[in-house]
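Before any comments, here is the structure.
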Amino acid sequence: MAILKLKPSYKDYMWGGTRLVTEFGKEFSGDRLAETWELSCHPDGPSYVENGEYAGSTLSEYILMEGKKVTGTKSRKYEQFPLLVKFIDAKEDLSIQVHPSDAFALENEGQYGKTEMWYIVDCEEGASLYYGFSKEISKEEFVERIEKKTLLEVLNKVKVQKGDVLLIEPGTIHAIGKGNLIAEIQQNSNVTYRVYDYGRKGADGKERDLHIEKALQVTNRIPIMKRKSFEPHIVSCDYFTVDKVVLDGQLMKRMFGEIDRSSFASLLVLEGTGEVRSGGECVSVKKGDSIFITANTGEYELEGCFEALLTTV
């Protein structure tokens with residue numbers, strides 16, 4: 001079995017909306033759905049195998065039963081599964097936050113740091129996000145602005161449109177703004193340090209915790225230059241490479257590729273319908289689906305009319 005269709009874990013964070021249910025067909029009965037963890041071996045939200053003999057097992061259980069050969073040779077340097085892929089529906093603004101590096105997170109949190117990328121699947125008119133600082137600030141000014149709740153005044157606010165891509169490296173202060181629906185591809189980590197949360201209160205009536213001391217240690221306080229291109233990929237970094245698949249069902253109806261022993265492939269479907277074939281297997285896909293193709297599968301074929309993100313280690 002080389003082609004696994006995955007079912008996600010669901011997160012109903014307070015800032016979430018309903019689009020992942022109404023537009024992406026996610027089977028969730030709550031009032032709001034903020035995130036779906038589509039490719040995950042993280043204990044905070046595993047994904048599950050939906051098809052074949054391993055149906056009902058977590059992806060982690062599948063890998064344990066089949067062996068690490070299914071994740072590929074590039075994953076062997078990591079003690080844990082290396083990636084986490086999500087859909088994020090931000091009906092409201094997310095907190096201003098920062099992620100640590102591997103070295104800091106492993107020492108202080110017992111898990112990896114977080115490099116991540118955002119692909120804007122869709123957004124409302126005028127939607128934006130925060131990405132780094134608009135000017136260099138001192139640690140003292142950083143602390144003062146957090147305390148006085150004026151931090152937004154020195155953050156770099158970026159207007160976005162459908163199809164935009166951002167790479168968020170450790171130490172970069174950032175936040176997703178309301179009205180964005182995003183595909184996020186990241187290291188397998190759930191470490192986030194919040195520095196500002198608009199004074200919002202959780203279900204317990206208390207303001208959510210901030211992590212200012214740790215954030216001060218890891219935040220890069222100078223402006224970040226957005227890299228314009230990772231050609232021929234939409235993003236390529238030390239942890240993952242992401243390509244966009246576009247099949248129009250007519251002139252470009254099929255795409256062929258090969259998956260060698262170095263890495264598995266994750267296919268996250270953003271629009272449309274189609275099929276994934278390899279070695280006699282055929283799996284139908286539609287908008288919102290997440291597919292895991294094992295390492296060393298060899299030749300595969302994509303057919304249909306759909307758009308997707310194809311990620312490898």
Side-chain angles (χ1 to χ4, degrees), residues 11-26 28 30-36 38 85-99 114 116-135 137 145-146 148-169 172-186 192 194-202 207-208 210 219-220 222-230 234-235 242 244 246 268-272 287-288 307-309:
K11 303 295 181 179
D12 62 348
Y13 305 136
M14 64 176 65
W15 44 261
T18 59
R19 296 185 65 184
L20 293 175
V21 175
T22 59
E23 299 177 29
F24 285 74
K26 299 302 176 181
F28 183 75
D31 294 332
R32 59 180 176 244
L33 180 56
E35 296 183 358
T36 54
E38 298 289 341
V85 176
K86 306 174 180 177
F87 279 123
I88 299 174
D89 176 19
K91 185 178 180 180
E92 304 294 340
D93 293 323
L94 274 67
S95 62
I96 308 300
Q97 56 190 242
V98 66
H99 304 309
K114 191 190 292 188
E116 64 188 17
M117 69 145 285
W118 293 337
Y119 178 89
I120 310 299
V121 179
D122 198 10
C123 61
E124 296 175 1
E125 185 175 353
S128 62
L129 49 82
Y130 289 108
Y131 179 70
F133 288 96
S134 59
K135 66 172 187 175
I137 66 170
R145 287 188 175 276
I146 291 172
K148 293 184 176 180
K149 298 179 170 51
T150 62
L151 186 61
L152 299 184
E153 296 176 5
V154 292
L155 296 186
N156 179 35
K157 190 173 185 178
V158 181
K159 288 187 177 180
V160 294
Q161 59 187 359
K162 184 175 180 177
D164 282 352
V165 178
L166 275 175
L167 178 65
I168 314 295
E169 296 181 302
T172 303
I173 197 163
H174 63 279
I176 298 172
K178 65 181 179 180
N180 283 299
L181 199 153
I182 286 177
E184 179 176 281
I185 295 162
Q186 58 164 87
T192 294
R194 280 192 295 268
V195 297
Y196 180 65
D197 195 32
Y198 305 92
R200 288 181 294 205
K201 296 179 180 179
E207 291 188 9
R208 295 199 295 173
L210 300 180
T219 301
N220 182 1
I222 63 174
I224 306 297
M225 295 298 293
K226 180 179 180 294
R227 183 167 173 173
K228 294 187 180 299
S229 176
F230 294 88
I234 64 169
V235 162
V242 185
K244 187 174 181 182
V246 180
L268 188 68
V269 183
L270 310 176
E271 286 283 355
K287 179 178 180 176
E307 296 182 7
L309 298 181

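Just the heavy atoms: all of them, side chains too, but no hydrogens, waters or symmetry mates, feed the values below.
Considering Leu152, Thr150, Leu151 as possible partners of Val154, the one that fulfils the side-chain contact (heavy atoms from CB on, under 4.5 Å) test is Leu151. The side-chain contact (heavy atoms from CB on, under 4.5 Å) with Tyr130 is formed by just one residue from the set Ile96, Ile173, Ile176; it is Ile96.
What you find for Val269 and Phe87 is that their closest heavy atoms are O-CZ, 3.8 Å. Closest approach of Asn180 to Ala127, counting heavy atoms only: OD1-CB, 3.7 Å. Contact between Val242 and Met117 at its shortest, heavy atoms only, is CG2-SD, 3.5 Å. In this structure, Ala90 and Gly177 approach most closely via the heavy-atom pair CB-O, 3.7 Å. Of all heavy-atom pairs spanning Cys123 and Lys162, the tightest one is SG-N, 3.8 Å. The shortest non-hydrogen separation linking His174 to Ile168 is ND1-CG2, 3.5 Å.
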Under the criterion side-chain contact (heavy atoms from CB on, under 4.5 Å), I'd like the reasoning laid out for Leu309 against Ile234: C-alpha separation, chi angles, the key distance, then a yes or no.
CA-CA 9 Å; Leu309 298 181; Ile234 64 169; 3.7 Å; yes
Pair Leu270, Tyr119 - check side-chain contact (heavy atoms from CB on, under 4.5 Å), show working. CA-CA 10 Å; Leu270 310 176; Tyr119 178 89; 3.5 Å; yes
- Item | Full working for side-chain contact (heavy atoms from CB on, under 4.5 Å) between Lys178 and Glu124 | CA-CA 8 Å; Lys178 65 181 179 180; Glu124 296 175 1; 5.8 Å; no
If you apply the rule side-chain contact (heavy atoms from CB on, under 4.5 Å), what do you find for Leu33 with Phe24, and how did you get there? CA-CA 11 Å; Leu33 180 56; Phe24 285 74; over 6 Å; no
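Side-chain contact between Ile120 and Leu129 is present, with heavy atoms from C-beta onward closer than 4.5 Å. Arg208 places a side-chain heavy atom less than 4.5 Å from the side chain of Met14. The shortest side-chain heavy-atom distance between Tyr198 and Glu92 does not fall under the 4.5 Å cut-off. Contact of the Gln186 side chain with the His99 side chain is not registered, since no non-hydrogen atoms from C-beta on lie closer than 4.5 Å.
The pair Arg194-Glu207 fails the salt-bridge criterion, with no side-chain N (NZ, NE, NH1 or NH2) lying under 4.0 Å from an Asp/Glu carboxylate O. Classification of Arg19 and Asp89 as a salt-bridged pair fails, no side-chain N sitting under 4.0 Å from a carboxylate O.
The number of heavy-atom neighbours closer than 6.0 Å to NZ of Lys11, taken from other residues, nucleotides and ligands shown, is above 12. More than 12 heavy atoms of other residues, nucleotides or ligands sit less than 6.0 Å from atom NZ of Lys287.
Rounding to the nearest 0.5 Å places CG of Leu268 at 12.0 Å from NZ of Lys244. Interatomic distance, CZ of Phe28 versus CG of Asp12, reported as 4.5 Å (0.5 Å rounding). The line from CD1 of Ile185 to CH2 of Trp118 is 13.5 Å long, rounded to the nearest 0.5 Å. Between atom CG of residue Leu166 and atom CD of residue Glu169 there is a gap of 11.0 Å, rounded to the nearest 0.5 Å. Atom CD of Glu184 is separated from atom CD of Glu38 by 12.5 Å, given to the nearest 0.5 angstrom. The CG atom of Asn220 sits 8.5 Å away from the CZ atom of Phe133 when rounded to the nearest 0.5 Å.
A distance-only check finds a donor-acceptor pair linking the side chain of Lys26 to the backbone of Gly288 [under 3.5 Å]. Asn156 contributes a side-chain N or O that, together with a main-chain N or O of Tyr131, makes up a donor-acceptor pair within less than 3.5 Å.
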